[in-house]
2 protein chains.
Amino acid sequence: MTDSTRERILQAAGRVFADKGFQAATVRDICQEAEVNIAAVNYYFGEKQQLYVEAVRRARELRIAQVPFPKRAADSPPAERLRDFVHVIARRMLGTDGEPWQVRLMLREILSPTRACEEMVEDYFRPQFERLLGILAELLPDDTPEYRLRQIGFSVIGQCLFHRVAGEVVQMLTPPDEYRAHYQPEQIADHVCGLVFAALDNLSTHSAPRT
Amino acid sequence: MTDSTRERILQAAGRVFADKGFQAATVRDICQEAEVNIAAVNYYFGEKQQLYVEAVRRARELRIAQVPFPKRAADSPPAERLRDFVHVIARRMLGTDGEPWQVRLMLREILSPTRACEEMVEDYFRPQFERLLGILAELLPDDTPEYRLRQIGFSVIGQCLFHRVAGEVVQMLTPPDEYRAHYQPEQIADHVCGLVFAALDNLSTHSAPRT
DNA sequence: AGTTGTTTGAAACGGTTGTTTGAATCGCTC
DNA sequence: GAGCGATTCAAACAACCGTTTCAAACAACT
């Protein structure tokens with residue numbers, strides 16, 4: 001919001017932490033990026049660790065604001081709501097709109113959680129995941145056990161997150177023109193939707209899953 | 001193989017690099033873990049960077065040796081070969097047999113590739129991925145385009161890798177008893193197989209994928 | 001035993017780190 | 001404009017980093 005010194009430090013810290021990690025990022029790097037004196041970090045945040053925690057929080061806030069959920073009637077068909085959901089999380093994770101450091105910083109926390117992670121899970125991931133489970137419950141037979149809903153939910157998220165985690169390896173394994181043609185966020189979301197819908201169709205008609 | 005100084009350094013380096021990252025891991029940490037003098041690192045590897053590269057390579061070699069592919073007739077049904085494949089990569093990524101630092105070190109390379117990554121992709125990921133594509137080609141209609149095979153292949157791997165990347169977050173989002181009951185590597189593999197087989201069934205009967 | 005090349009050891013080097021200091025500067029009220 | 005708290009600045013601090021040094025210990029062969 002305000003373009004104050006404190007805010008400039010927070011965003012510069014986000015960028016530097018995101019592509020170097022906590023240890024490798026130096027407060028001198030961050031302060032140079034923010035065009036601020038070195039002592040400002042200790043003045044505003046006390047220590048490097050605290051700056052990191054607040055930078056992670058800010059990254060999450062900015063990212064959510066950039067790609068909000070579309071307004072849609074709560075009684076629209078569940079298939080449509082699932083499609084919306086996948087597209088939104090794909091764009092949040094992979095989208096080139098906004099700045100990439102925000103998601104990369106969050107990803108670091110997912111991979112090796114620090115103190116900053118608990119807050120991110122409770123305030124952000126959990127409500128989002130509950131929303132997904134609600135949609136899946138409508139698409140599957142009523143007797144589907146909770147644990148299967150969760151497993152399928154993780155499969156949906158996992159397929160999207162994979163391209164954020166392993167994007168560079170995906171690029172090495174895919175011919176360059178094919179990569180450019182088929183690995184935009186929207187297309188990945190479409191593919192995930194297609195695969196999941198196909199599976200759900202089958203799972204809800206043949207009620208017993210394969211063993 | 002040999003329990004020489006050099007080998008002890010390599011494995012200690014793997015452990016320390018895996019849970020601290022390249023920068024945060026100090027050669028003093030590594031040498032203390034390996035019970036060798038600090039100078040030994042420079043004697044055997046010249047510099048820290050080179051030690052890192054060789055530690056990543058050793059991690060991969062050890063991990064592959066621990067969970068080999070099962071011998072199976074090449075003309076066995078493709079569905080069976082897919083099941084084998086998923087179970088092997090799930091056990092390699094998530095399995096508690098062997099030591100966990102090996103996979104975590106490889107994961108760091110996937111997330112932010114350094115020089116050590118190219119070799120890992122070409123020698124390990126690419127042949128493994130090609131094997132998967134070959135199986136998928138047998139399970140899908142002949143006119144399925146290459147790019148769709150690859151997308152589905154990434155979906156298979158993505159669902160498994162997710163539990164390695166976000167395992168700790170999954171644990172936070174799942175009731176403890178449910179987690180213990182349903183998130184062992186074998187069960188995750190079974191779930192992925194179930195979902196993928198259900199989708200493939202549907203995609204190969206209704207030849208045109210949903211748009 | 002003596003010689004040669006390889007491996008280990010303790011100590012030190014220069015450089016960078018996070019953090020602190022104390023003075024200088026700003027923004028404001030009386 | 002004097003006073004005062006909030007903010008910025010250059011400089012320095014001790015601690016730690018990767019790397020080097022060089023002598024001691026070892027192994028193998030004549």
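Here the structure is a predicted model, which means the values were calculated and not measured.
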Between B/Ala24 and A/Arg28, the residue closer to the 5' end of DNA chain D by nearest nucleotide is A/Arg28

Rounded to the Å, how far apart are A/Gln49 CD and C/dG18 C1'? 12 Å

Can you give each donor-acceptor pair under 3.5 Å made by side-chain atoms of residues 181-188 of chain A, sequence neighbours left out, with the distance rounded to 0.1 Å?
from     : atom 1 : to       : atom 2 : distance (Å)
A/Gln184 : NE2    : A/Arg180 : O      : 3.3
A/Glu186 : OE1    : A/His87  : ND1    : 3.2
A/Gln187 : OE1    : A/Gln184 : N      : 3.3
A/Gln187 : NE2    : A/Ala181 : O      : 2.7

Could you check how far CD of B/Gln50 sits from P of D/dT19, rounded to whole Å? 11 Å

Could you give the OH-to-P distance, from B/Tyr52 to D/dT19, as a whole number of Å? 15 Å

Test side chain to side chain donor-acceptor pair (under 3.5 Å) on B/Gln50 and B/Arg115 and set out the steps. CA-CA 10 Å; B/Gln50 181 63 21; B/Arg115 206 176 338 125; 4.7 Å; no

Between C1' on D/dT19 and NZ on B/Lys48, what's the gap in Å once rounded to a whole number? 12 Å

Answer with base, sugar-phosphate or nothing: what part of the nucleic acid does B/Ala25 contact at a heavy-atom distance below 4.0 Å? sugar-phosphate

Integer-rounded Å distance: C/dT7 C1' and B/Arg6 CZ: 14 Å

Provide, to the nearest angstrom, the distance between the CD atom belonging to A/Gln23 and the P atom belonging to D/dC17. 9 Å

Between B/Arg6 and B/Glu54, is there a side-chain N and carboxylate O pair less than 4.0 Å apart? yes

Identify all pairs in which a protein N or O lies below 3.5 Å from an N or O of nucleotides 7-9 of chain D, and state each distance.
from  : atom 1 : to      : atom 2 : distance (Å)
D/dT7 : OP2    : A/Tyr43 : OH     : 2.7
D/dT7 : O5'    : A/Tyr43 : OH     : 3.4
D/dT8 : OP1    : A/Thr5  : OG1    : 2.6
D/dT8 : OP2    : A/Tyr44 : OH     : 2.9

Rounding to an integer number of Å, can you tell me how far A/Asp29 CG sits from C/dT17 C1'? 11 Å

For A/Lys20 and C/dG18, give me the distance from atom NZ to atom P, rounded to whole Å. 11 Å

How are the rings of A/Phe22 and A/Tyr52 set to each other: parallel, tilted or perpendicular (split at 30° and 60°)? perpendicular

Residues B/Glu178 and A/Arg150 bridged, charged N to O under 4.0 Å: yes

A/Arg164: what forms a side chain to side chain donor-acceptor pair (under 3.5 Å) with it, not counting sequence neighbours? none

